[in-house]
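Written out below as structure tokens is the structure these notes cover.
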Amino acid sequence: MDKRKFLTHLYKKGLVLFIVSISLFASDNIFSSIRVWSPSIETINSIQKSGIALDHSISRSDVYIDFVVSSYEKEILSKTGIPFEILIDDLSAFYKQRSIPANNRNFPLGSMQGNYTWDELNQRFEELKNLYPEIISDKIVLGQSIEGNDLWAFKLSDNANIDEEEPEILYTGLTHSREPLSMMNLFYFVQNLCEGYQSNSDSEASYLIDEREMWFIPVINPDGYLYNEQIEPNGGGMHRKNRRDTGCGQSTQRGVDLNRNFSFGWGINDTGSSPDPCYATYRGEDGFSEPETQIVRDFILDRDFTNVLHYHSYGNVYIHPFGDGSYPDSLDLLIFRGLADEMSDYNNFNFGTGYETIGYTVNGDAVDWTYGNSGVIAYTPEVGSPSQGFWPSENEVESLCENQFKPNKVFAFSAGSDFILDGYSFSNELVSGSTNNIMLNIKNRGLMPSSGSVNITVTSLSQIISIEDQTKEISTLNSWEMSGVEFELVISDQVTYFSEVLIEVLIHDSESYHFIDTVNFFIGNQVSIFEEDFDSGVGEWLVTGDWGLTDNPSIGLYALTDSPDGNYSADASSTAVLD
């Protein structure tokens with residue numbers, strides 16, 4: 001008799017289910033990191049069909065794949081006959097043991113390895129709301145979870161409690177309840193934008209709060225997060241799903257995977273999600289069967305979001321549609337790749353579909369529904385490296401949040417028109433006394449077309465050049481369109497040797513942020529200071545160590561080479577043998 005049937009039998013007999021449940025299911029709250037060597041496609045598919053989540057797996061081509069399993073899942077894997085090696089036996093214990101306290105932090109941390117408890121995150125919101133009442137909205141309760149906990153949202157904008165005609169962006173966190181960095185980085189983002197706005201020290205923050213409506217749902221899965229707090233009050237809880245009673249007792253096997261419960265592509269196969277109610281990727285009885293996903297769906301449909309980030313952790317990747325590995329149409333794919341590339345400039349994240357970035361497929365996930373249903377540009381950012389895992393050391397939490405600050409800004413800028421300098425070139429050689437043309441490539445990396453014409457102003461910050469017609473315009477620039485604009489440079493004839501030139505470029509339309517970039521290059525007649533081809537004056541070279549001068553008898557040229565046959569003596573040469 002398996003554990004579920006045994007517990008049901010005890011319940012019917014009137015025995016105390018709670019005590020027995022703790023005894024039999026305690027081991028199911030222990031998770032391990034394991035490795036499968038030489039995984040074939042068939043092996044990976046078999047693992048996924050066993051309901052084991054591979055969305056945080058680490059693979060090295062066909063050499064090995066590392067992933068996380070519960071004790072229950074280890075039993076399932078053993079029954080499939082797939083051999084595995086245990087790398088870390090108890091991840092929760094490992095996370096706590098390796099955690100180092102944080103000192104001198106600028107960002108208030110929580111008591112679960114630096115992450116907020118449920119009460120702490122609610123309190124932190126109230127603190128920020130009281131500090132910045134004009135730009136942080138009231139808490140908006142969107143509905144309740146399975147266990148009756150509030151799912152709530154708030155807005156960051158200059159008229160926080162007024163619905164404005166401004167581009168809207170949504171950031172969500174904690175869909176999977178063992179991924180606290182998906183929530184923590186949102187509080188960091190809000191705090192730092194507010195501080196920059198109030199002090200008038202961050203022009204980007206001021207623009208975004210004045211010209212955007214930034215919405216946040218910090219916790220989509222409150223029940224799962226509270227359960228992790230219950231089983232691991234100091235951090236390290238590994239429960240993933242919500243807490244719907246799916247007949248799996250009180251363990252971490254219970255519940256529905258909320259990121260497999262959205263209706264787009266729901267249940268198209270058992271590889272990207274599972275029909276088994278006790279598996280980690282259990283998709284639920286139907287798309288949007290869970291109140292938590294219904295609440296997110298209704299909130300997105302009720303508003304006019306331009307783009308959405310559904311935050312998770314970990315992996316250091318931006319995952320875009322589609323979960324089955326197929327691609328959006330070519331124009332949208334260009335946007336998905338381009339915007340992810342812009343964000344990754346600040347954190348070096350990889351990007352692509354889930355299959356491209358991590359090597360797995362999913363169905364019924366939030367990103368596919370957000371884009372596939374409504375055409376809204378959406379990503380799953382996975383915060384943190386595999387070595388940091390679900391619960392990084394406390395002293396890493398702030399830096400991981402900081403790592404998302406500028407990418408989150410870029411994402412908010414992109415909701416409207418947003419212009420950058422995407423390279424430049426010159427018409428001819430840069431020498432003193434000449435006239436040259438510089439071509440500036442202007443790109444609209446925003447999701448909206450320009451508001452009227454795009455103005456480009458170029459200012460020389462160096463006295464050795466002057467610029468004719470310092471301001472030009474592009475009549476219109478659509479989303480992710482690029483256009484070149486040319487300026488004439490007059491170079492002074494007093495430049496006798498390489499001199500650095502700085503040019504400031506200002507780009508904006510009537511509504512966009514005034515983007516400023518600096519172009520630097522060198523002008524001047526090149527002067528040869530020294531030249532050596534090793535065919536002359538070789539006796540003056542003293543070559544030591546593993547390097548020597550090789551004579552090629554076929555063409556009579558020397559070259560400086562390393563030694564394939566041991567060290568050369570000082571001032572030595574050898575004869576090359578050509579194949």
Are the side chains of Tyr95 and Gln113 in contact, using a 4.5 Å heavy-atom criterion? yes
With distance as the sole criterion, is a donor-acceptor pair present between the side chains of Thr175 and His310 under 3.5 Å? no
Working for salt bridge (Lys or Arg N to Asp or Glu O under 4.0 Å), residues Glu342 and Lys409: CA-CA 11 Å; Glu342 292 291 327; Lys409 275 185 172 181; over 6 Å; no
Is there side-chain contact between Val68 and Met238, with at least one heavy-atom pair below 4.5 Å? yes
Let's go through Arg124 and Glu127 carefully: what are the C-alpha distance in whole Å and the side-chain angles of both, what is the deciding distance for salt bridge (Lys or Arg N to Asp or Glu O under 4.0 Å) to 0.1 Å, and is it a yes or a no? CA-CA 5 Å; Arg124 184 59 186 150; Glu127 291 170 354; 2.9 Å; yes
What I want to check is whether the side chains of Glu120 and Ser111 have a donor and an acceptor closer together than 3.5 Å. yes
Under the 3.5 angstrom rule, does the side chain of Gln253 hit a backbone N or O of Cys248 as a donor-acceptor pair? no
Is it true that Glu75 and Ser78 share a donor-acceptor pair across their side chains at a distance under 3.5 Å? no
Exercise: do Trp118 and Glu229 side chains pair donor with acceptor under 3.5 Å: no
Does any N or O in the side chain of Ser99 come within less than 3.5 Å of the main-chain N or O of Lys96, such that one atom is a donor and the other an acceptor? no
Pair Asn149, Gln144: side-chain N/O donor-acceptor within cut-off below 3.5 Å: no
Pairwise distance OH(Tyr355) to CD1(Ile319) - rounded to 0.5 angstrom: 14.0 Å
Between Asn242 and Asn221, is there a donor-acceptor pair closer than 3.5 Å when you use the side chain of the first and the backbone of the second? no
Among Trp369, Phe336, Tyr371, Tyr327, which residue meets the ring-ring contact (aromatic ring centres under 6.0 Å, His included) test with Phe322? Tyr371
Main-chain N/O of Pro277 paired to Thr246 side chain as donor or acceptor, under 3.5 Å: yes
With a 4.0 Å cut-off on N to O distance, would you call Asp138 and Lys129 a salt bridge? yes
Test side-chain contact (heavy atoms from CB on, under 4.5 Å) applied to Leu77 and Ile52, step by step: CA-CA 9 Å; Leu77 195 60; Ile52 296 171; 4.2 Å; yes
Within the 4.5 Å heavy-atom criterion, are Lys155 and Glu168 side-chain neighbours or not? no
Residue of the set Arg243, Lys241, Arg244 for which salt bridge (Lys or Arg N to Asp or Glu O under 4.0 Å) holds with Glu290: Arg244
Applying side chain to side chain contact (heavy atoms under 4.5 Å, CB included) to Leu186 and not counting sequence neighbours gives Tyr171, Phe216, Tyr311
Any side-chain heavy atom of Asn115 sitting closer than 4.5 Å to one from Trp391? yes
Under 3.5 Å, is there a donor-acceptor pair linking the side chains of Asp324 and Ser326? yes
Is the backbone N or O of Gln404 less than 3.5 Å from a side-chain atom of Asn185, with the two atoms forming a donor-acceptor pair by type? no
Only pairs at least two apart or in different chains count here, so list each salt bridge (charged side-chain N to carboxylate O under 4.0 Å, His left out) that has a residue in residues 34-59. Arg35-Asp66, Asp55-Arg240, Asp55-Arg260
Under the ring-ring contact (aromatic ring centres under 6.0 Å, His included) test against Phe187, which residue among Tyr116, Phe107, Phe405, Phe125 passes? Tyr116
Using the rule given for side-chain contact (heavy atoms from CB on, under 4.5 Å), can you reason through Leu339 versus Tyr379, listing the C-alpha separation, both sets of side-chain angles and the distance that settles it, and then say yes or no? CA-CA 10 Å; Leu339 183 52; Tyr379 298 86; 3.3 Å; yes
Ring centers of Trp215, Phe299 separated by less than 6.0 Å: yes
Applying side-chain contact (heavy atoms from CB on, under 4.5 Å) to Met184 and Leu109, what does each step give before you reach the verdict? CA-CA 9 Å; Met184 292 296 292; Leu109 300 183; 4.3 Å; yes
Side-chain donor-acceptor pair under 3.5 Å between Tyr346 and Asn408, yes or no? no
Answer whether the closest heavy-atom distance between the side chains of Glu398 and Tyr188 falls below 4.5 Å. yes
Would you compute the distance between atom CG of Leu170 and atom OG1 of Thr306 and round it to the nearest 0.5 angstrom? 11.0 Å
Report yes or no: do Thr43 and Ser46 form a side-chain donor-acceptor pair below 3.5 Å? no
Polar side chain donor-acceptor pair, Asn316 to Ser385, under 3.5 angstrom: no
Using 4.0 Å as the upper bound for N to carboxylate O, is an ion pair formed by Arg212 and Glu204? no
I'd like to know if the side chain of Asn269 and the backbone of Gly272 have a donor-acceptor N/O pair within less than 3.5 Å. yes
Quick check for you: to the nearest 0.5 Å, what is the distance between Ser330 atom OG and Leu334 atom CG? 8.0 Å
Is it true that Ser289 and Asn261 share a donor-acceptor pair across their side chains at a distance under 3.5 Å? yes
Intermediate values then yes/no, salt bridge (Lys or Arg N to Asp or Glu O under 4.0 Å), Asp270 and Arg283: CA-CA 10 Å; Asp270 295 340; Arg283 58 184 172 246; 2.9 Å; yes
What is the distance from atom CD of Gln250 to atom CZ of Arg254, rounded to the nearest 0.5 Å? 4.5 Å
Quick one: does Asp276's side chain have a donor or acceptor within less than 3.5 Å of a partner on Gly51's backbone? no
May I ask you to check whether His312 and Thr380 show a side-chain donor-acceptor distance below 3.5 Å? no
Okay, side chain of Glu382, backbone of Ser313: is any donor-acceptor separation there less than 3.5 Å? yes
From CZ (Phe84) to NZ (Lys74), nearest 0.5 Å: 6.5 Å
Any luck finding a side-chain donor-acceptor pair between Thr117 and Asp119 under 3.5 Å? no
Taking the side chain as C-beta and beyond, is there a heavy-atom pair between Ile82 and Val36 under 4.5 Å? yes
Glu285, CD atom: more than 12 neighbouring heavy atoms under 6.0 Å: no
Expected output: side-chain Asn350 to main-chain Val317 donor-acceptor under 3.5 Å: no
Is a donor from one side chain sitting under 3.5 angstrom from an acceptor on the other, for His176 and Asp257? yes
Hey, what do you get for CZ (Phe31) to CG (Leu91), rounding to the nearest 0.5 Å? 9.0 Å
Working for side-chain contact (heavy atoms from CB on, under 4.5 Å), residues Phe154 and Ile217: CA-CA 7 Å; Phe154 68 95; Ile217 308 177; over 6 Å; no
Which heavy-atom pair separates Gly237 from Glu232 by the least distance, and what is that distance? N-CB, 3.5 Å
Is there a donor-acceptor pair closer than 3.5 Å between any side-chain N or O of Ser344 and the backbone N or O of Asn347? no
Can you tell if the side chain of Gln191 reaches within under 4.5 Å of the side chain of Pro108, non-hydrogen atoms only? yes
Counting the benzene-type ring for Trp, do Trp266 and Phe288 have ring centres under 6.0 Å apart? no
